[in-house]
Amino acid sequence: MTKGQFGMKNRILLKNEDETKLFGEKIGSAITQKLLICLNGDLGAGKTCITKGIAKGLGIMDDITSPTFILVEEYEGRLPLYHFDVYRIDDTEELYFIGFDDYLSKNAVVIIEWSDKIESILPKDRLEIRLDYTEDGMREICLNPVGEAAQTLVETMAKN
């Protein structure tokens, strides 16, 4: 893991899938309260991979898969985890039919892959994570904390 500019600009470079999972685990271990995490970026850049790490950091040992065709998976850990994949969503109304607002109101961690597709209905308080490939095949992860809970989490992670 290349520490790079993480502490200064909330950006980190990761060499491979293993480092991406470890970074996700660091995020999950640092979470102490309800949090919305929005994942966006290149196809195959590690959105589900980082989710696996976050789940492990929350004490979830289940096999984490992307819920592309069912929209949401639920897991129990130190905090409940609700994992959404909205890649196939054409209309945000679809989310209301499955109780999207109810999931957001719970004391849980909610992860949404491809959240930029539903940005208009997302709460302002969230941790935005962008995952992209670099020219040399590494993964660049940029964190954008929006709101107090996300900012506290990023500050805690930068210290460790």
Side-chain angles (χ1 to χ4, degrees), residues 1-3 6-7 10-42 44-87 89 95 98-119 121-132 139-160:
M1 193 177 318
T2 306
K3 296 249 181 202
F6 174 66
N10 301 330
R11 189 173 73 130
I12 190 166
L13 294 175
L14 303 171
K15 294 178 186 172
N16 53 38
E17 189 174 298
D18 290 338
E19 286 193 0
T20 304
K21 284 181 191 172
L22 283 172
F23 186 69
E25 190 173 346
K26 182 176 179 178
I27 293 170
S29 295
I31 295 172
T32 60
Q33 60 184 315
K34 171 183 177 173
L35 185 66
L36 170 61
I37 300 174
C38 298
L39 303 176
N40 294 293
D42 294 338
K47 290 178 286 299
T48 301
C49 184
I50 202 167
T51 299
K52 290 178 182 186
I54 293 169
K56 186 174 181 184
L58 289 168
I60 299 166
M61 296 301 142
D62 297 347
D63 184 34
I64 306 296
T65 58
S66 183
T68 303
F69 295 101
I70 57 172
L71 293 181
V72 64
E73 287 280 358
E74 300 180 15
Y75 304 96
E76 287 299 321
R78 203 168 27 82
L79 286 168
L81 171 65
Y82 305 120
H83 179 203
F84 286 82
D85 184 327
V86 297
Y87 182 76
I89 291 288
L95 290 172
I98 64 166
F100 183 67
D101 286 340
D102 292 334
Y103 285 106
L104 292 177
S105 68
K106 294 180 181 183
N107 185 29
V109 176
V110 176
I111 297 176
I112 305 173
E113 293 188 35
W114 302 102
S115 66
D116 53 353
K117 292 188 70 151
I118 62 166
E119 189 171 5
I121 65 167
L122 292 175
K124 292 190 189 291
D125 292 334
R126 61 186 184 246
L127 174 60
E128 298 172 346
I129 301 177
R130 175 126 192 123
L131 300 100
D132 292 298
R139 295 170 182 194
E140 178 182 64
I141 297 180
C142 295
L143 304 176
N144 179 31
V146 181
E148 187 177 327
Q151 184 63 43
T152 299
L153 175 71
V154 170
E155 289 171 2
T156 299
M157 290 175 54
K159 291 176 188 173
N160 296 330

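Predicted model only: the values in this text are computed from it and were never measured. Heads up: numbering here begins at 1 and tracks the sequence. Heavy-atom basis, side chains included; hydrogens, waters and symmetry copies ignored.
Residues Val110 and Ile112 meet the side-chain proximity criterion, which asks for heavy atoms closer than 4.5 Å. Counting only heavy atoms from C-beta outward, the side chains of Ile141 and Phe23 approach each other to under 4.5 Å.
Closest of all the heavy-atom pairs between Tyr75 and His83 is CE1-CB, 4.2 Å. Of all the heavy atoms in Arg78 and Gly28, the pair that sits closest is NH2-O, 2.6 Å. The two atoms that bring Leu153 and Ile31 nearest to each other are CD1-N, 3.7 Å, heavy atoms only. Across Asn16 and Asp18, no two heavy atoms sit closer than the pair OD1-N, 3.1 Å. Ile27 and Ile129 get closest at one heavy-atom pair: CD1-CD1, 3.9 Å. Taking all atoms of both residues into account, the shortest heavy-atom contact from Gly41 to Lys47 is O-NZ, 3.3 Å.
Rounding to the nearest 0.5 Å gives a distance of 14.0 Å between CZ of Arg11 and CG of Asn144. The distance from atom CG of Leu127 to atom CD of Gln151, rounded to the nearest 0.5 Å, is 9.5 Å. One finds the CZ atom of Arg139 at 4.0 Å from the OG1 atom of Thr20 (value rounded to the nearest 0.5 Å). Atoms CG and CH2, on Asp116 and Trp114 in that order, are 7.5 Å from each other to the nearest 0.5 Å. How far OG of Ser115 is from CG of Leu122: 5.5 Å, rounded to the nearest 0.5 Å. Rounded to the nearest 0.5 angstrom, Ile50 CD1 and Leu131 CG are separated by 5.0 Å.
The pair Glu155-Lys159 fails the salt-bridge criterion, with no side-chain N (NZ, NE, NH1 or NH2) lying under 4.0 Å from an Asp/Glu carboxylate O. By the 4.0 Å N-to-carboxylate-O rule, Arg126 lies close enough to Glu128 to be salt-bridged with it.
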Pair Glu113-Thr51, side chain to side chain contact (heavy atoms under 4.5 Å, CB included): steps then yes or no: CA-CA 9 Å; Glu113 293 188 35; Thr51 299; 4.1 Å; yes
message: The test is side chain to side chain contact (heavy atoms under 4.5 Å, CB included); show your working for Ile37 and Leu39 and say whether it passes.
response: CA-CA 6 Å; Ile37 300 174; Leu39 303 176; 3.9 Å; yes
message: Determine whether Phe100 and Phe84 satisfy the following criterion, ring-ring contact (aromatic ring centres under 6.0 Å, His included), listing intermediate values before the conclusion.
response: CA-CA 10 Å; Phe100 183 67; Phe84 286 82; 5.3 Å; yes
message: Set out, in order, the CA-CA distance, both residues' side-chain angles and the distance that settles salt bridge (charged side-chain N to carboxylate O under 4.0 Å, His left out) for Lys21 and Glu17, then state yes or no.
response: CA-CA 6 Å; Lys21 284 181 191 172; Glu17 189 174 298; 3.6 Å; yes
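In this structure, Lys106 forms a cation-pi arrangement with Tyr103, its terminal cationic atom sitting closer than 6.0 Å to the ring centre and no more than 45° off the ring axis.
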Would you give me the side-chain donor-acceptor pairs under 3.5 Å for residues 54-66, sequence neighbours excluded?
| from | atom 1 | to | atom 2 | distance (Å) |
| --- | --- | --- | --- | --- |
| Ser66 | OG | Thr68 | OG1 | 3.1 |
| Ser66 | OG | Asp85 | OD2 | 2.5 |

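Not counting sequence neighbours, Ser105 has no partner by the side chain to side chain contact (heavy atoms under 4.5 Å, CB included) test. Among residues two or more places apart in sequence or in another chain, the side chain to side chain donor-acceptor pair (under 3.5 Å) test is passed with Gln33 by none.
A donor-acceptor pair is defined here as one N or O able to donate and one able to accept, closer than 3.5 Å; such a pair exists between the side chain of Lys117 and the backbone of Ile89.
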